[in-house]
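Reading through the structure tokens given below for one structure.
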Protein chains: 2
Amino acid sequence: MDAIDLNLVDLLRTNARLSYAELARQVGLSAPAVHERVGKLETSGVLRGYRADVEPEAVGLGVTALIGIVEDSGADTDDVLAAFRKMPEIESCYFMAGVESFLLKARVGTIAELEQLIVRLNRTPGVASTRTGIALSTKWENRPRPVSPPAA
Amino acid sequence: MDAIDLNLVDLLRTNARLSYAELARQVGLSAPAVHERVGKLETSGVLRGYRADVEPEAVGLGVTALIGIVEDSGADTDDVLAAFRKMPEIESCYFMAGVESFLLKARVGTIAELEQLIVRLNRTPGVASTRTGIALSTKWENRPRPVSPPAA
DNA sequence: ACCTTCCGTGGACGCGATCGACCTCAACCT
DNA sequence: AGGTTGAGGTCGATCGCGTCCACGGAAGGT
């Protein structure tokens, strides 16, 4: 993980579809060298994948909610997690310090669907209570933070 | 936005580096047709970009926090937003219904940096108070929800 | 029926991806 | 010091992909 690797990570974080040739030009190496570096970053787990960034409204997911979960005392956290994992509307899941064991970010199409999701969450074994906040708008999300020092 | 478009969106959401030729095979069209469709999805704003998914720990961002913000009464929300936007550690920013106007997701390297961030947040004009929760682990994040019906 | 528009296909051509051979340098061993 | 080894690079060649263009057929309007 030298400066060139960090540079590649930054470039791919801003545009994951850059060609190896273009990446090579940007970092000042040959295309095969970049190809090998990126391959190593992938197999070492630094680069976990490449995702298109999609406007949620455009695919019918206009409602965003953030939901805190309080577990039952003695609940099996792994079981709870497995149940959450089966709900595709839960985009993100953080295990938190504090009274609320989990914080979930969910996206659904309508408030009615959100209601159904909350009902399902409250019914899943191990969940004591939920507290949901509705996002009126997403100002930004997953903004890539440059990790390599600016080129000066 | 027909079924093929949704299919393309799903494919790119799972792997943004798929070649047009490969996409074409998967959806049963020719490469130029896919090229044109993807181009239109980009210019129409459905596809906002393509991002590498990076393991945060690997780039020195091991601490994740979720921070609720209460605004001063009479604060200028746009100014507050602009201030947040200048803080690169804030990865996501949601404008919320409820007492807390914003919910921020921030990533930093150390608890000390988190402390500094919170201090800065509390100092920014328009912010009345903050409430931060620390994520002990990220179970998953930005899981792509398939948007097109399964191929059956 | 005709025209127009949209959306696709097929062919062509230049560039990119990717493999293998070779080079360079630094670290380490003897 | 000299030799060996391995990591990480360049170069060149080959093959497939990206992308442009001309053409074709279906749907819909007049």
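The interatomic distance linking Asp2(A) (CG) with dG8(D) (P) rounds to 9 Å, in whole Å. We find that CG of Leu23(B) is positioned 15 Å from C1' of dT19(D), with the value rounded to whole Å. One atom, CD1 of Ile4(B), and another, P of dG8(C), lie 6 Å apart when rounded to the nearest Å. Distance His35(B) NE2 to dT19(D) C1': 6 Å, rounded to the nearest Å. Counting to the nearest Å, the C1' atom of dT18(C) and the CZ atom of Arg17(B) are 13 Å from each other. Between the CE atom of Met1(B) and the P atom of dC7(C) there is a distance of 14 Å, rounded to whole Å. Distance, Glu36(A) CD to dA7(D) P: 10 Å, rounded to whole Å. Protein atom OH of Tyr20(A) is 18 Å distant from nucleotide atom P of dG16(D), rounded to whole Å.
The Leu29(B) side chain lies nearest to dG8(C) when the options are dT18(C), dG10(C), dG8(C). Nearest nucleotide to the Lys40(B) side chain, out of dC7(C), dC19(C), dG8(C): dC7(C). The side chain of Ala33(B) lies closest to dT9(C), out of dT9(C), dC7(C), dG8(D). Candidate nucleotides dT18(C), dT9(C), dG8(D) were compared by shortest atom distance to the side chain of Arg37(A), and dG8(D) ranks first.
Arg25(A) comes within 4.0 angstrom of the backbone, heavy atoms only, and of no base. Among the atoms of the strands shown, only primed sugar atoms or phosphate atoms (P, OP1, OP2) are found under 4.0 Å from some heavy atom of Ser19(B).
For the residue pair Asn142(B) and Asn142(A), a side-chain donor N or O sits within less than 3.5 Å of a side-chain acceptor on the partner.
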*So Asn7(A) and Gln26(A), side-chain contact (heavy atoms from CB on, under 4.5 Å) or not? Walk me through it.*
CA-CA 9 Å; Asn7(A) 217 321; Gln26(A) 302 267 344; over 6 Å; no
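At least one test fails for Arg107(B) against the ring of Tyr94(A): distance under 6.0 Å to the centre or angle within 45° of the axis. Taking the ring centre of Tyr20(B) as origin, the terminal cationic atom of Arg17(A) falls inside the region bounded by 6.0 Å and 45° from the ring axis.
When side chains are defined from C-beta on, Thr110(B) counts as touching Glu113(B), because their heavy atoms get closer than 4.5 Å.
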